[in-house]
Amino acid sequence: MSTSAYQPATDSARTGGTVTDRLVEANQRYAAEFRDPGMDARPVLKVAVVACMDARLDLHAALGLELGDCHTIRNAGGVVTDDVIRSLTISQRALGTRSVILVHHTGCGLETITEEFRVELEEEVGQRPAWAVEAFRDVDQDVRQSMQRVRTSPFLLHADDVRGFVFDVTTGLLREIDPAE
């Protein structure tokens, strides 16, 4: 999405009603000006970006991307899980992407919790989650692990252009991670 098309919610749009009500109202304003861009689901730049869901990361702005340029896959930590491999496989095999960019960031919440989180959830709700927390202590090493997971997946057609980065939430700069270190 171009930054000129994006208009942040005004203070009045942030007051009253539930958050969901306010988002639906914002969508109605958006839809009133919306024009079909005439694109299909294939990203123009043939790239998929896997990133953390952290609200401080405006990926399109940080990477200079426009609507239709990429597939964006986000989760807690930006780690490469089975579901990320699933999405990347569909992105590559059905929709033509060839490159993968991984974006973790400084100050990630997954650096502050442990896999014990699952045990605590089990004690609270009576059922252990089937998924791993994927917590980590070293963001650079986790980017390397995620790059390795993409590069070794038998389901992906294109594993030669996989690069990983750490986004600094205080400067906005990306730092590339060497997979060999």
Side-chain angles (χ1 to χ4, degrees), residues 1-10 13 19 22-24 26-110 134 136 139-140 142-151 153 155-179:
M1 172 183 292
S2 76
T3 53
S4 61
Y6 172 75
Q7 295 187 356
T10 62
V19 171
R22 290 178 290 194
L23 296 175
V24 170
N27 173 257
Q28 291 169 351
R29 290 188 299 277
Y30 170 80
E33 303 294 321
F34 183 79
R35 300 295 172 257
D36 180 356
M39 303 174 178
D40 69 12
R42 295 175 183 274
V44 173
L45 299 180
K46 298 183 180 193
V47 63
V49 179
V50 178
C52 185
M53 66 186 190
D54 192 291
R56 297 171 290 180
L57 276 66
D58 182 349
L59 288 173
H60 276 79
L63 299 174
L65 296 166
E66 298 290 329
L67 182 66
D69 282 349
C70 72
H71 284 157
T72 305
I73 304 161
R74 295 181 81 158
N75 66 18
V79 296
V80 176
T81 62
D82 286 346
D83 195 57
V84 169
I85 294 294
R86 171 190 158 271
S87 293
L88 288 173
T89 301
I90 293 166
S91 178
Q92 287 188 358
R93 290 180 175 267
L95 298 166
T97 59
R98 300 184 63 82
S99 301
V100 178
I101 295 174
L102 306 172
V103 181
H104 286 36
H105 65 91
T106 58
C108 185
L110 282 186
E134 297 277 354
F136 53 86
V139 67
D140 291 16
D142 201 67
V143 172
R144 285 185 199 95
Q145 177 177 303
S146 289
M147 283 190 284
Q148 184 65 15
R149 285 178 177 173
V150 172
R151 288 184 173 143
S153 173
F155 305 111
L156 299 176
L157 295 172
H158 308 287
D160 53 324
D161 188 12
V162 178
R163 293 172 65 186
F165 301 85
V166 174
F167 176 85
D168 187 314
V169 298
T170 61
T171 67
L173 291 172
L174 289 175
R175 178 174 51 82
E176 188 159 7
I177 300 302
D178 182 345

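What you see is a predicted model, and the numbers here were worked out from it, not measured in a lab.
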Chemist: Let me see the working for Val150 and Val84 under side-chain contact (heavy atoms from CB on, under 4.5 Å), right down to the final yes or no.
Modeler: CA-CA 9 Å; Val150 172; Val84 169; 5.8 Å; no
Chemist: Just wondering, do Asp69 and Leu63 contact through their side chains at under 4.5 Å, heavy atoms?
Modeler: no
Chemist: Surrounding CG of Asp168 (heavy atoms of other residues, nucleotides or ligands, distance under 6.0 Å), is the total greater than 12?
Modeler: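 Yes, because the 6.0 Å sphere around CG of Asp168 holds more than 12 heavy atoms from other groups.
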Chemist: What I'd like to find out is whether the side chain of Val166 reaches to under 4.5 Å of the side chain of Ile177, using heavy atoms alone.
Modeler: yes
Chemist: Rounded to the nearest 0.5 Å, what's the gap from CG on Asp54 to CG on Leu59? Could you check?
Modeler: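 Going from the CG atom of Asp54 to the CG atom of Leu59 covers 10.0 Å.
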Chemist: Assess whether atom CZ of Arg144 is packed by more than 12 heavy atoms of other residues, nucleotides or ligands within 6.0 Å.
Modeler: yes
Chemist: I need the minimum non-hydrogen distance between Ala76 and Cys52, along with the two atoms involved.
Modeler: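 Of all heavy-atom pairs spanning Ala76 and Cys52, the closest is C-SG, 4.3 Å.
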Chemist: Which heavy atom in His104 sits nearest to a heavy atom in Gly78, and how many Å separate them?
Modeler: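 Answer, listing the atom of His104 first, then Gly78: CE1-O, 3.2 Å.
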Chemist: Take atom CD of Glu176 as the centre, draw a 6.0 Å sphere, and report whether it contains more than 12 heavy atoms from other residues, nucleotides or ligands.
Modeler: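 Correct, the count exceeds 12.
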Chemist: Could you check whether any side-chain N or O of Ser91 sits under 3.5 Å from a backbone N or O of Thr97, counting only pairs where one atom can act as donor and the other as acceptor?
Modeler: no
Chemist: Do Phe136 and Cys108 make a side-chain contact, defined as non-hydrogen atoms from C-beta onward lying under 4.5 Å apart?
Modeler: yes
Chemist: Is it the case that over 12 heavy atoms from other parts of the model lie below 6.0 angstrom from the CZ atom of Arg74?
Modeler: yes
Chemist: Can you measure from CG (Leu156) to CD (Gln92) and round to the nearest 0.5 angstrom?
Modeler: 4.5 Å
Chemist: I need the Phe165 CZ to Met147 CE distance, nearest 0.5 Å.
Modeler: 9.0 Å
Chemist: Give the C-alpha distance, both sets of side-chain angles, the deciding distance and a yes or no for side-chain contact (heavy atoms from CB on, under 4.5 Å) between Cys70 and His60.
Modeler: CA-CA 9 Å; Cys70 72; His60 276 79; 4.2 Å; yes
Chemist: Using a 4.5 Å cut-off on heavy atoms from C-beta on, say whether the side chain of Leu57 contacts that of Val169.
Modeler: yes
Chemist: Applying the side-chain contact (heavy atoms from CB on, under 4.5 Å) test to Ile73, which of Asp83, Thr81, Leu102, Val50 qualifies?
Modeler: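 Testing each of Asp83, Thr81, Leu102, Val50 against Ile73, the sole residue satisfying side-chain contact (heavy atoms from CB on, under 4.5 Å) is Val50.
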Chemist: Is a donor on one side and an acceptor on the other found under 3.5 Å between the side chain of Arg149 and the backbone of Val80?
Modeler: yes
Chemist: Could you state the interatomic distance from CZ (Arg163) to CG (Leu174), rounded to the nearest 0.5 Å?
Modeler: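 Reported to 0.5 Å precision, the distance equals 10.0 Å.
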Chemist: Using modelled atom types only, decide if a donor and an acceptor are shared between the side chain of Arg151 and the backbone of Val162 within a distance under 3.5 Å.
Modeler: yes
Chemist: Looking at every heavy atom in both Phe167 and Ala62, which two are closest together, and how far apart are they?
Modeler: CE1-CB, 3.9 Å
Chemist: Determine whether Asp142 and Leu110 satisfy the following criterion, side-chain contact (heavy atoms from CB on, under 4.5 Å), listing intermediate values before the conclusion.
Modeler: CA-CA 11 Å; Asp142 201 67; Leu110 282 186; over 6 Å; no
Chemist: Atom CZ of Arg42 and atom NE2 of His71: how far apart are they, to the nearest 0.5 Å?
Modeler: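 These two atoms lie 9.0 Å from each other.
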Chemist: Does Asn75 reach the main-chain N or O of Val79 with its side chain, forming a donor-acceptor pair under 3.5 Å?
Modeler: yes
Chemist: Which distance, rounded to the nearest 0.5 Å, do you find between the CZ of Arg98 and the NE2 of His158?
Modeler: 4.0 Å
Chemist: For the backbone of Ile85 and the side chain of Thr89, can you confirm whether one donor and one acceptor N or O come within less than 3.5 Å of each other?
Modeler: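 Judged by distance alone, yes, a pair lies under 3.5 Å.
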